[in-house]
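Each chain gets a letter, A, B and so on, in the order its sequence line appears, and its residues count up from 1. Quick caveat: nothing in here was measured; it's all calculated off a predicted structure.
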Amino acid sequence: MEKDNKNLLEIKDLKVSFFTPAGEVKAVNGISYSLGYNEVMGIVGESGSGKSVEAYSVIGLLQSPGKVVGGSITFEGENVLDFTEEQMRQFRGNKVSMIFQNPMTCLNPVYTIGNQLIEALMCHDKGYTREAARKRAIEMLELVGINNAEKRIDQYPHEFSGGMRQRAMIAMALICEPKLLIADEPTTALDVTIQAQILELMKDLQHKANTSIIFITHNLGVVAEICDRVSVMYAGHIVEQGDVNDVFYDPQHPYTRGLLSSTPRMDEVTRERLVPIEGTPIDLLNPPTGCNFGPRCKHCMKICLREKPPLVEVGERHYSACWLHFKKEDEQEEAET
Amino acid sequence: MSSERTPLIQVENLRKYFPVKGTNPFEKKKYVQAVESVSCTIYRGETLGIVGESGCGKTTFGRTVLRLYEPTSGRIVYDGVPIYDSEKKISVNMLPYRRKMQIIFQDPSASLDPRMTVGEIVGEALDIHRLCRGKKERAERINELLNKVGLNTEHANRFPHEFSGGQQQRVGIARALAVDPEFIVCDEPISALDVSIQSQVVNMLEDLQNENHLTYLFIAHDISVVRHISNRIGVMYLGQMVELADSYELCSQPVHPYTKTLLSAVPLPDPVKSRARQRILLEGEIPSPLNPPKGCRFHTRCPYATDRCREETPQLREQAPGHFVACHL
């Protein structure tokens, strides 16, 4: 991809496997991308496509039996995978932080919101006194749009509503001013009106704090709204990547096209039948030899079942992994066989 | 779909309150007002979509119409026969009606008994209603149902955990279809499924409706899906129906301020359009249904609220033909 030193994060050929009793599951199978400063990258995919696993390995939160088995993750020139436990701890929070789908899994129910915010801050920045940290925590809560922050700071997570908890979690993630925020389905559990509030908030904060964001979601609408670039993942591979406009208006990979045409749209004028992607996602324990999407693909060719397609550049900063892009050369071969 | 528009179900002033266990025995008993005076008519052959945020009472409404929850008060008429009327104290035995009214649940893995095979799950309804004579006919019927929803005959001997989420939902649909119903409540049937599977199930529901002349009450929080599948949409907020109209009219010309905000919050899979549009952001959160606001229930968050809204509850009135709105403005 782009050889540019200005990239905040560079992932090269990352492979993550889960070693389960039933066998090795290649959850992420060789993905590469780079993320610039102040950029929002969306990662879309269905459940099991490896989108979360990939993000967890960036922040070093991969749980056993998951293991990074290959590739590199470079953050501002340093390889994250070589970090010691202590370095990783400094890295997390200060440079990278994460927000999760369900805020209750992240917030401790027996500590007040304030306590948790102050703890996060004082852990990573030894210069803070408790009073100063508290002041900063209140500021942070106000920034994420929690009214009456002075009072709210002493409340427990259960006293907050779902949307407020998500706001508190964003405050906690951003309190150390990280350069990269990983958002793992932050709005999936929320109602649309609250989702809209949180998205507006994240856009706003992103401009103010100049944070890069990796935004993981399965909702194409959310991606269209907040992301600059998008990677579409299917079964551990990035099948298409590019600027949001390119991917949405000129999708190249059959899977991306399928996703877009199978989503009902609010702006459709006539009631058209949805075009679903037939079949079910593949079993990662026994992945096919060829293209992972091959068995469900309308345009599946012989080569698709034999070999995995490489990611090729189909436009400016627009990549897609599909044999269809090689079709011209392939036609000859097809004729022979 | 149907042009004759004969009403299949009429619901009048349906209420469902859930008592809340208080800690103080001397305190006045509290109720969650999950559904508060909802009236609507569901016509034969149509799909009525219900949208709203979590906690707005849409699921409770669906279940109360089926009398899976006993209504607190109101009147439900099915095909001209009142099956529940709190004033006339009518509450009929529901068993014969269960053959006509069925439900598809949200979470397919939770609604299928893990210790029963798929064949037993689908066949149970056939046994209860004595729809089959003999084992052979029963097995044939189960096969037919499984094929209808895109499963194979051999799947009948498997257990629910052997299926993916989409397939489990298909089993749930086959079970609902087993008794050959006229009316199905689809309670968020696709929200637990993956995006690429959702459209498969939506298409299947549409096909089944055309083949079997079904009437759907389609409950979901995803407005784009509801708009796609429904003929009419009802919008609920805090237990009340605030707007009810033809689905395309509702989405293009919403009248109620809540509908407007709800629609503007839906993310569009179109980068230019979604960034260009002006979004109406609501302040605050949904009030507790334990203690709903007086007057219009939306007035605490409504940008246009007046004194009248704070005092007087607006009724659902027909503003344009077939377009019902509950708002003073």
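For Val223(A), the part sitting under 4.5 Å from any heavy atom of chain B is the backbone (N, CA, C, O) and nothing else. Heavy atoms of Val201(B) lying under 4.5 Å from chain A are absent altogether. Of the two parts of Ser164(B), only the side chain, counted from C-beta on, holds a non-hydrogen atom closer than 4.5 Å to a non-hydrogen atom of chain A. For chain A, the nearby part of Val202(B) is the side chain; its heavy atoms alone come within less than 4.5 Å. Within the 4.5 angstrom heavy-atom criterion, only side-chain atoms of Leu263(B), from C-beta onward, approach chain A. Residue contact with chain B, scored on non-hydrogen atoms closer than 4.5 Å, involves the side chain of Asn219(A) exclusively. In this structure, chain A has no heavy atom under 4.5 Å from any part of Ser191(B). Interface remark: Ser264(B) contributes no atoms to any contact with chain A (heavy atom separation under 4.5 Å). With a threshold of 4.5 angstrom between heavy atoms, Leu190(A) does not approach chain B through any atom at all.
Between Gln198(B) and Pro264(A), every side-chain heavy-atom pair lies at or beyond the 4.5 Å cut-off.
The OG atom of Ser196(B) sits 10.0 Å away from atom CD of Glu278(A), with the distance rounded to the nearest 0.5 Å. In this structure, Thr263(A) OG1 and Leu268(B) CG are separated by 11.5 Å, a value rounded to the nearest 0.5 Å. The CZ atom of Arg265(A) lies 10.5 Å from the CZ atom of Arg227(B); values are rounded to the nearest 0.5 Å.
Contact record, Ser54(B) with Asp191(A): OG-OD2, 2.7 Å, taken as the closest heavy-atom pair. Minimum interatomic distance between Pro276(A) and Asn203(B) (heavy atoms only, all atoms of both residues): CD-ND2, 3.3 Å. Minimum interatomic distance between Ser199(B) and Ile277(A) (heavy atoms only, all atoms of both residues): OG-N, 4.3 Å.
Annotation for Glu316(A): atom CD does not count as buried by contact number, only 12 or fewer foreign heavy atoms lying within 6.0 Å. Residue-environment remark: CD (Glu150(A)) stays at or below the threshold of 12 foreign heavy atoms within 6.0 Å.
A donor-acceptor pair under 3.5 Å is formed between the side chain of Gln200(B) and the backbone N or O of Gly279(A). Although no hydrogens or angles enter the test, the distance criterion places no donor-acceptor pair under 3.5 Å between the side chain of Asp270(B) and the main chain of Ala224(A).
The closest side-chain donor-acceptor pair between Glu53(B) and Thr193(A) falls under 3.5 angstrom.
Ion pair Glu225(A)/Arg275(B) not flagged as a salt bridge, since none of the NZ, NE, NH1 or NH2 atoms sits closer than 4.0 Å to an Asp/Glu carboxylate oxygen.
The interface of residues 246-260 of chain A with chain B, defined by heavy-atom distances below 4.5 Å, comprises Phe248(A), Tyr249(A), Leu259(A). Residues of residues 39-51 of chain A having a heavy atom under 4.5 Å from any heavy atom of chain B, listed by number: Glu46(A), Ser47(A).
Taking Ser247(B), Ser252(B), Pro271(B) one by one and counting their heavy-atom pairs under 4.5 Å with chain A, the maximum is reached by Pro271(B).
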